[in-house]
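When reading the values below, keep in mind they use all heavy atoms of this one structure, side chains included, and skip hydrogens, waters and symmetry mates. The chains referred to below are lettered A, B, ... by the order of the sequence lines, with proteins before strands, and numbering in each begins at 1.
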Amino acid sequence: MNDDTPAAPREEADPADTRDDVPYRFDRSHAVGDIVEAFEGLEAGVETETVVSVAGRLMLRRDQGRLAFGTLQDATGRIQLFATAAASPGFERFTGLSIGDWIGVRGAVMATRRGELSVRVDDWTLLARARRPFPDKWHGLTDPDTRYRQRYVDLWVSDEARDAFARRSQIVAALRRRLTDQGFVEVETPVLHPIPGGAAARPFVTRHEALDADLYLRVAPELYLKRLVVGGMERVYEIGRVFRNEGISTRHNPEFTMLELYWAYADHTDIMDLTEHLVAGVAEDVCGSTTVVYDGQNVDLAPPWRRASMEEVIAEHAGFEVSLDAGAAELAARCDSLGIETRPGWGPGKLMLEIYEKAAEPNLWGPVFVTDYPAEVSPLSRRHRSRPGHAERFEAIVAGRELCNAFSELVDPVEQRSRFEAQAALRAAGDDEAMAVDEDYLRSLEYGLPPTGGLGIGVDRLVMLLTDTQAIRDAVLFPTLRPDPGV
RNA sequence: GCGCCUCUAGCUCAAUUUGGCAGAGCAACGGACUCUUAAUCCGCAGGUUCUGGGUUCGAGUCCCAGGGGGCGUACCA
């Protein structure tokens with residue numbers, strides 16, 4: 001690298017030419033962020049004795065004749081490079097680098113006359129060429145399609161995106177740390193399910209050739225995790241991808257990350273305590289506070305969160321009283337007056353849920369636990385101990401979005417069978433989101449499931465909340481898109 | 001699924017309102033410059049205007065069909 005041969009003309013940078021003579025490894029002494037932290041405030045004009053090796057992409061270059069400045073960016077930040085024709089080897093080639101080229105640089109930490117913290121280029125090497133031009137250094141990428149399809153570019157030009165995904169990693173780590181501290185054991189259960197179950201959702205179907213059988217990508221890990229509680233794993237959780245063959249929106253991706261946990265000997269009220277402390281704790285861990293700003297509004301996550309029954313919330317936000325006792329006819333009439341489409345065969349529970357979702361939920365900000373869901377629409381949850389027709393089930397609304405779904409688990413195999421059969425009847429009637437009878441799951445219940453509380457948290461939603469992003473696509477690195485018709 | 005909007009150079013955007021030779025900044029390429037900060041200055045080059053039809057003397061612009069994307073809506077977390 002000590003020769004001063006001119007930079008290769010760009011025309012010779014044929015994308016098909018892979019014969020760059022670049023090293024197999026590079027010894028880096030510091031991440032850029034470490035240098036910035038250690039030398040912040042270095043006096044203008046000072047050249048230190050500290051020699052560092054850094055690596056990253058050259059994101060900007062300012063040639064100044066016999067002098068050149070560059071901006072090197074790595075995963076931890078940006079720092080200026082200071083090269084001179086007199087002292088920097090291969091100066092001509094250095095000024096011929098393209099924006100986006102990966103380089104390794106060794107040199108003394110210094111501050112320029114203007115006081116900009118820099119690494120003096122005492123030696124450098126090309127690590128990889130950027131054969132394609134990078135986006136505009138100032139405007140970056142604005143087309144969402146390009147940002148998602150070419151996230152590898154977006155991550156370089158969008159600080160917001162990089163920060164959000166760094167925080168996502170911290171959030172998931174904090175969830176694991178806190179659950180581990182509370183004695184929960186992390187497990188991995190099958191993604192390929194012979195029978196789709198655990199949630200009301202249309203599954204993706206796939207095929208195992210050797211077994212000559214259709215398999216379904218899981219819509220939830222629920223039934224396997226509860227089998228594990230039967231198996232004696234008293235506190236168990238899984239963080240994993242689930243798949244639902246449904247629409248895509250700012251809040252929905254066909255594959256998304258779910259945290260599910262099951263806690264033996266606990267009920268839904270224990271789960272509420274756990275949930276509010278878990279979410280507030282993770283916010284504290286990664287945001288430094290239990291108060292966060294979402295979409296310009298404050299969200300106070302400090303426990304305890306408000307707890308209100310579905311009827312209470314409907315009365316507050318829809319402005320009228322409802323009850324399951326009113327019967328299907330009256331509730332259907334309510335739906336009509338609200339402009340909610342109903343289908344024949346819907347029971348009072350489904351009708352009340354519709355009223356809640358259309359007339360009350362959109363007005364909720366939270367955090368609030370909406371409790372006492374109708375048993376009719378909760379095929380896996382235990383009947384309420386004192387309110388006939390209801391289940392010990394709740395969802396949490398935080399920042400106007402459903403964050404979790406939880407309940408005291410249904411443990412009675414006889415009742416579970418009849419709930420499954422009701423689901424199977426819906427399925428037979430054409431509801432492809434209804435569950436099927438899972439005989440093995442019923443058998444496990446016959447061996448005995450102790451009283452158990454369960455929780456499912458949409459991890460992507462939690463990430464959105466704590467990174468203040470409005471679209472799930474900004475919380476997922478590679479959101480599902482239509483296949484690119486032509487690269 | 002349905003409705004509305006959108007697609008111009010690698011990137012970010014223009015193109016006189018029913019149509020008249022498709023432009024600029026950045027990047028790239030050539031050059032000048034020893035303290036720049038989106039450096040500056042001079043020069044050069046860059047296009048299947050998403051695709052296919054149609055109307056017209058003439059279409060980036062108007063019409064039809066298709067494709068990608070965004071938003072809303074429906075199903076859902």
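Comparing the C1' positions of B:rC62 and B:rG25 gives an interatomic distance of 31 Å, to the nearest angstrom. For the C1' atoms, the distance linking B:rA22 with B:rU8 amounts to 8 Å, nearest Å. Separating the C1' atom of B:rA15 from that of B:rU49 is a span of 11 Å, rounded to the nearest Å. The gap from the C1' atom of B:rC44 to that of B:rG31 amounts to 10 Å, rounded to the nearest Å. Spacing of C1' atoms, B:rU16 relative to B:rG20, comes out at 12 Å, to the nearest Å. Only the P atoms considered, B:rG52 is 22 Å distant from B:rG46, to the nearest whole Å. Nucleotides B:rG58 and B:rC21 place their C1' atoms 11 Å apart, quoted to the nearest Å. Rounded to whole Å, the separation between the C1' atoms of B:rG43 and B:rC5 comes to 41 Å.
At the phosphate of B:rG69, OP1 or OP2 sits under 4.0 Å from a side-chain N or O atom of A:R149. In this structure, A:R62 does not reach the B:rU40 phosphate: none of its side-chain N or O atoms is under 4.0 Å from OP1 or OP2. For the pair A:K358 and B:rC75, the criterion of a side-chain N or O lying under 4.0 Å from OP1 or OP2 is met. A sub-4.0 Å separation between OP1 or OP2 of B:rA39 and a side-chain N or O of A:K137 is present.
A:T71 comes within 4.0 angstrom of nothing in the nucleic acid, heavy atoms only. Among the heavy atoms of the strands, none lies under 4.0 Å from A:E341. Residue contacts for A:G65: at a heavy-atom cut-off of 4.0 Å it reaches a base atom on one of the strands shown. Looking at heavy-atom distances under 4.0 Å, A:E402 makes contact with sugar-phosphate atoms alone, never a base. A:D63 comes within contact range of at least one nucleobase, with a heavy-atom separation under 4.0 Å. As judged by a 4.0 angstrom heavy-atom cut-off over every strand, A:L60 is placed among residues touching the sugar-phosphate backbone only.
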Is there a side chain to side chain contact (heavy atoms under 4.5 Å, CB included) between A:M272 and A:T275 once you walk through the steps?
CA-CA 5 Å; A:M272 283 189 235; A:T275 302; 5.7 Å; no
Please step through side chain to side chain contact (heavy atoms under 4.5 Å, CB included) for the pair A:Y294 and A:R401, ending with a clear verdict.
CA-CA 11 Å; A:Y294 189 79; A:R401 287 161 164 72; 3.3 Å; yes
Yes or no on side chain to side chain contact (heavy atoms under 4.5 Å, CB included) for A:F184 and A:W263, after CA distance, side-chain angles and deciding distance?
CA-CA 8 Å; A:F184 282 88; A:W263 180 5; 4.0 Å; yes
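Of the two residues contacting RNA chain B, namely A:D145 and A:T112, the nearest-nucleotide position lying further toward the 5' end is that of A:T112. Of the two residues near RNA chain B, A:A111 and A:R251, the one whose nearest nucleotide lies more 5' is A:A111.
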In dot-bracket form, 5' to 3', how is RNA chain B paired? Count Watson-Crick and G-U wobble pairs only if both distances fall under 3.5 Å, and write | where the partner sits on another strand.
(((((((..((((......[..))))..((((.......))))......(((((..]....))))))))))))....
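Following rounding to the nearest Å, A:Q64 (CD) and B:rG31 (C1') show an atom-to-atom distance of 15 Å. Nucleotide B:rG68 holds its C1' atom 14 Å from the CD atom of A:Q150, rounded to whole Å. Counting to the nearest Å, the C1' atom of B:rC75 and the CG atom of A:L426 are 15 Å from each other. The distance from atom CD1 of A:I397 to atom P of B:rA77 is 11 Å, rounded to the nearest whole Å.
Ring orientation note: the planes of A:Y373 and A:Y356 are nearly perpendicular, at an angle over 60° on the 30°/60° scale. Taking the six-membered ring for Trp and thresholds of 30 and 60 degrees, A:W156 and A:W102 have ring planes more than 60 degrees apart, a perpendicular arrangement.
Annotation: side chain of A:E255 is in contact with side chain of A:T480 (closest heavy-atom distance under 4.5 Å). Inter-residue side-chain proximity for A:T146 and A:V153 is flagged as unmet; no heavy-atom pair is nearer than 4.5 Å.
Ion pairing between A:R343 and A:E341 fails under the 4.0 Å rule for side-chain N and carboxylate O. In summary, A:D159 and A:R78 engage in a salt bridge, as defined by a charged side-chain N under 4.0 Å from a carboxylate O.
Closest of all the heavy-atom pairs between A:P254 and A:F204 is CB-CZ, 4.0 Å.
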I'd like to compare against my own output: the B/S/- annotation of nucleotides 7-14 of chain B with a strict under-4.0 Å heavy-atom distance to protein.
---SBSS-
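No option in A:L81, A:T112, A:L60 other than A:T112 meets the side-chain contact (heavy atoms from CB on, under 4.5 Å) test with A:F69.
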